[in-house]
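Reminder, nothing fancy here: chain letters follow the sequence lines and each chain counts from 1.
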Amino acid sequence: MQALSSSTTLSEQDRHAAATLLDESRSALHTAAAGLTDAQWRFRPEPAVWSPGDIVEHLVKSEQAVYQLITMDLVKRPVLPPNRRSRVRDLAIVMAVTNRDVRFTAAEMVRPTSAWTSGPAMIAEFDRLRARTKDYLAKTMDDLRGRTADHPVLGVIDAYQWILFVAAHSERHSKQMVEVRARG
Amino acid sequence: MTRRYALALLVAAIGAPIARSFAAPPPAVLTATERDAALKYLKEMRDLLLGHVAGLSAAQWTFKPAPEVWSAAEILEHVTVVEEAQIKVITSAASRLPALPADDRPQVKDQVIEMVTTNRETRRFQTPEVFKPTGRWNDPKALVEAFGIQRAALIDYTTTTTDDLRSVAWENPLVGLSDGYQWILFVAAHGERHTKQLVELKAHPRFPRS
C-alpha cells in the first residue's frame, strides 16, 4: 500500500521563475499591441488568419480557462505520490510552447468568437486576469507539483507547469501578433 | 469449495490488481502509424540536411563567422557523432532497461519532442564535451557518407524492430523522461535543429559565395 503523499508548497525559485515569465510575456503582448488603430485590431490578413483582436480574445479565454482548471479542479484532487508526478522538464514546456515553427488549431473553448468591442478593453481584461494568475502564484500554499492534468498539446503536466504554459502561450501569440501587424 | 481452493482464489483476487499496477503490460511492437511517422520524420530531415550540404565548396564547408561559431563541417560532424552514440543507446535499450509498468511510462506527447528540440530561439545549449566537433573527418565527402550511414542504420532499425520501445524510458536533457520511440524522434529533431543552424550560417553576409 502506498504511503499517503505529503503536500508541499512551491519553492521560491519556482514562484520566481514563473512570475518572471508571466511578467515578460505580458510585456511582450503590450509591446505587440502598442498603437494599433481600431481597423488594425480587426484586420484579418486572410479569413482563417486571426486578427490582433482575435489573438487577444484567445489569450483572455486561455488565461481564464487555465486559472479555473488549476484553482477549481486540480487543487481539489488528491496529491500524487512523488513517482506519479510530471516527468517533463519545466524548460521543455516553455521551449515547446514558444516554438512557432510547429502550429496547432486552438481547442474549441478558447477559440475567438469576436465577442469584443475594443482592443484596449480586451488588453485591460487580459491584464486583470494575468494579475489574478500572478497573485495566485505568489500567495498559494496549494501543492501545484502534486497535481497533474493532461494538456491537449503537451501531455500530462503538473499544475505549476500549466502556469508556465499560460505564460509561454501568451508569449507565442505576441510573436504572432507582431507578424499579423506587419501584414496589415 | 475446499478451503485451499478458496484461499487460492482469495490470493488470486488480491494478487491480480497488485500485479496489474506493478508489472509491465505485455510486450508490444510499434504500431504502423508510429513507425510511419518516425520514418517520415527521419527521412525528411535526412533529405533536408543533405540538401543543405550538397555542393558546398571547401571554403563554404570551413567558413566560421567567429571562432566560437561552428562551421558547416563542425555542424555535420556534431550531428553525426550524436547519431552514432544515440543509435547504440536506442537499439540496445529494450534489452538493457527494465520494461516499465504503464503508470511509470512517460506521459509527454510525441510531438513535444520536435517542438522542444527544434526551438533555437528560446534557449541555446552547450553540447557535452564528448559531442563537440574535433575535425574527426578530414574529407567532407567522408563526413557526409558517415552521416548517411548512421541515419540509414537508424531508419533500418525503425523499419524492422520488434523491440517494445514504448516500454523503456530514460532521461532526455531537453525534454525529461522520454521513451525509446521518442528518442528516435529526438534524433531526427536534433538533426533538424542543426539544419536550422546551418541555414542560418549560410545566410551570413560573409558566407562564401562559392
Judged by modelled atom types alone, do [X] and [Y] share a side-chain donor-acceptor pair under 3.5 Å?
| X | Y | answer |
| --- | --- | --- |
| B:Asp110 | B:Gln182 | yes |
| A:Asp54 | A:Ser51 | yes |
| A:Gln161 | A:Ser86 | yes |

Using the benzene-type ring in the case of Trp, are the ring centres of A:His58 and A:His169 under 6.0 Å apart?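 Yes - the distance between ring centres of A:His58 and A:His169 falls below the 6.0 Å cut-off.
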CD (A:Glu179) with more than 12 external heavy atoms under 6.0 Å: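 Yes - once you tally the heavy atoms of other residues, nucleotides and ligands closer than 6.0 Å, there are more than 12.
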Among A:Val97, A:Val94, A:Thr98, single out the residue with the greatest number of heavy-atom pairs under 4.5 Å to chain B.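 Greatest number of close heavy-atom pairs with chain B: A:Thr98.
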May I ask you to name which of A:Val102, A:Ile157, A:Leu154 has the most heavy-atom pairs under 4.5 Å with chain B?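 When all of A:Val102, A:Ile157, A:Leu154 are compared, A:Leu154 has the most.
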Looking at chain A, which one of B:Ser178, B:Pro173, B:Ala169 has the largest number of heavy-atom pairs inside 4.5 Å, strictly under?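 Of the options given, most contacts go to B:Pro173.
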What part of A:Val88 gets within 4.5 angstrom of chain B, counting heavy atoms only: side chain, backbone, both, or neither?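 Backbone plus side chain of A:Val88, per the 4.5 Å heavy-atom cut-off to chain B.
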Does any backbone or side-chain atom of A:Asp90 lie under 4.5 Å from a heavy atom of chain B? Answer side chain, backbone, both or neither.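 Neither part.
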